[in-house]
Amino acid sequence: MQAPPTSSAPPTAPRRHRRSRAFGFAALAVSLLMAFPTAQSAFGDEAEEVPGGGDLGPNVLVFDPSTPDIQGKVDEVFKKQESNQFGTDRYALMFKPGTYDNINAQIGFYTSIAGLGLKPDDTTFNGDVTVDAGWFNGNATQNFWRSAENLALNPVSGTNRWAVSQAAPFRRMHVKGGLNLAPDGYGWASGGYIADSKIDGQVGPYSQQQWYTRDSSIGSWGNGVWNMTFSGVEGAPAQSFPEPPYTTLDTTPVSREKPFLYLDGDDYKVFVPAKRTNARGTTWADGTPEGESIPLDQFYVVKPGATAQTINAAVDQGLHLLFTPGVYHVDQPIEIDRANTVALGLGLATIIPDNGVTAIKVGDVDGVKLAGLLVDAGPVNSETLVEVGPDGASGDHSANPTSLQDVFVRIGGAGPGKATTSIVVNSDDTIIDHTWVWRADHGEGVGWETNRADYGVHVKGDDVLATGLFVEHFNKYDVQWSGENGKTIFFQNEKAYDAPDQAAIQNGDIKGYAAYKVDDSVTTHEGWGMGSYCYFNVDPTIRQQHGFQAPVKPGVKFHDLLVVSLGGQGQYDHVINDTGSPTSGTDTIPSQVVSFP
């Protein structure tokens, strides 16, 4: 998102075969196989077995309290990454349990910072983890692709600054003070995400346009601009939308926190938190969270240069995946069709599909966890980029759903990219927990046809829950929902800025494609705290018939919807279907709000 200056106010089914180790030879052959493990390849030839574990590669920087010049090393990474919006460098800054004094870790693009304890308080900074917007003249609307996780902070001034926009999660953090979500000078910021965190003092959004906070604890909340949504948050403000614009749910229906790397003594493990129902507050408030620890030697530690063939062989062997910071080109889909597989990225690990393939395909199996990955479309159009379940998937995964957490998609921006649909969710019960699916509106390879991408997210599975759904700028529908009993808690959208004229977005006899469309066949669907914004700067005369489209049925309900015309560059005629007054005006940011029906 890039707020305009006129703004004001603070599928084919996955493989089912398995490569298996070749045994049953004579004694000599067996001894050779023990010395040189092999696996049966897809073509029947012998291939070396993929090893588990190993080091974390050169772009994971691990510190302990005795490490010399920590500040200098962190500053060096920030200097490289502060304005490196579309670069290829990726970093993870990892801190062993202990106390670190006089630290101000400024976090730039494609940089993740995290503690290596089992709980946030195991790793304490007497200092700050800072995101500001000096590189962009005090405007934080392009502070994307970075993260902070699993640390306790004693901010020097009493308040930590985390001035971000999309794709910048703040997870499992304990701020022993306040949290400021705006840049220095209170310039624009465009929305973000907090989960499983405790902020002892006040969260001050100031100029933040929208925000979603889940399963956390806060001292208080300062203000709201357009859309502030809370679910399962102790200390959240009471429901009051639209004045102030607070949408508050006491609990989150289903949630499971993101897996994370930690140290058990000297051994690296990945902790996989347990599923929660009707959650409220953090997972770690009462001590060690519930979940499973998986030793690193059960992971293929993926490093730049790894091929999709090797990654798939590792999964077929029974290994999980830990992607170290880097950019990975794949010439065939990464296929995960084994239940409970964890695929975790560090440092915004980025996957680029070559020759129009799908980047990631997940089988219709229980409990796969995709987390911390950026999928960047390639120049040859991919029909899909991420598929969860094959078309027609029908398995019941309610006891152990697949989850996507901090899985981001980008079409263009870093260069030419095209994809017909970014994410397709076919499997029932899937949890989409914080995603930013973005057809680029700036950067390289940007234009109405240059980075063509018709659809952002298409949900076909039943009982799918989205918590923190950010989807922007697609040529047609940003979100299309065909499955039954879907739920979305917080949705943030902008329609494509660059539509050349009214005809380019005409949808039959409807002016424009809805940002969020529920198919006519659906009988049950519900959403809370959902906004769509337009800024048709190429042709400001464009009118969008509505931001939302849904069947008028008793089971289809929306709470706290809004549409916004940014600076009057284009208008909405209605909020949802033909309900809601039109936006209007040129010098302000007119908006309309409704609930439906």
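Values in this document were obtained by computation on a predicted structure and should not be read as measured data. What's counted below: heavy atoms across the whole structure, side chains too, no hydrogens, waters or symmetry copies.
- Not less than 6.0 angstrom separates the ring centroid of Trp436 from the ring centroid of Phe408.
- Taking the six-membered ring where the residue is Trp, His525 and Trp481 present perpendicular rings, their angle passing 60° and hence far from 30°.
- The backbone N or O of Phe474 lies less than 3.5 Å from no partner atom in the side chain of Lys476, so there is not a single donor-acceptor pair.
- The backbone N or O of Cys534 sits nowhere less than 3.5 Å from a side-chain atom of Ser565 that would complete a donor-acceptor pair.
- Side-chain atoms of Asn475 come within 3.5 Å of backbone atoms of Trp448 as a donor-acceptor pair (strictly under, hydrogens ignored).
- For the pair Val225 and Pro205, the minimum side-chain heavy-atom distance is 4.5 Å or more.
- A centroid separation of less than 6.0 Å is found between the aromatic rings of Phe470 and Phe490.
- Taking the six-membered ring where the residue is Trp, the centroids of Tyr516 and Phe491 are separated by under 6.0 Å.
- Ring geometry for Trp438 against Phe144 counts as tilted: the plane angle lies between 30° and 60°, on a 0 to 90° scale.
- Under a 3.5 Å cut-off, the side chain of Thr282 and the backbone N or O of Ser216 do not form any donor-acceptor pair.
- Looking only at side-chain heavy atoms (C-beta outward), Val388 and Val368 stay at 4.5 Å or farther from each other.
- Salt bridge Arg256/Asp433: absent, no basic N to carboxylate O contact under 4.0 Å.
- Aromatic rings of Trp211 and Phe170 (six-membered ring for Trp) have centroids beyond the 6.0 Å cut-off, not under it.
- By the 4.0 Å N-to-carboxylate-O rule, Glu257 lies close enough to Arg214 to be salt-bridged with it.
- Applying side-chain hydrogen bond (donor to acceptor under 3.5 Å, both in side chains) to Glu149 and the options Arg171, Arg172, Lys258 leaves one that passes, Lys258.
- Ring-plane geometry between Trp226 and Tyr533 is classed as tilted, the angle between the planes lying from 30 to 60 degrees on a 0 to 90 degree scale.
- Using modelled atom types, one side-chain atom of Asp132 and one backbone atom of Asp184 make a donor-acceptor pair closer than 3.5 Å.
- Residues Phe536 and Lys495 meet the side-chain proximity criterion, which asks for heavy atoms closer than 4.5 Å.
- A side-chain hydrogen bond (donor to acceptor under 3.5 Å, both in side chains) with Asp573 is found for one member of His546, Arg543, Gln545, Gln544 and no other, namely Arg543.
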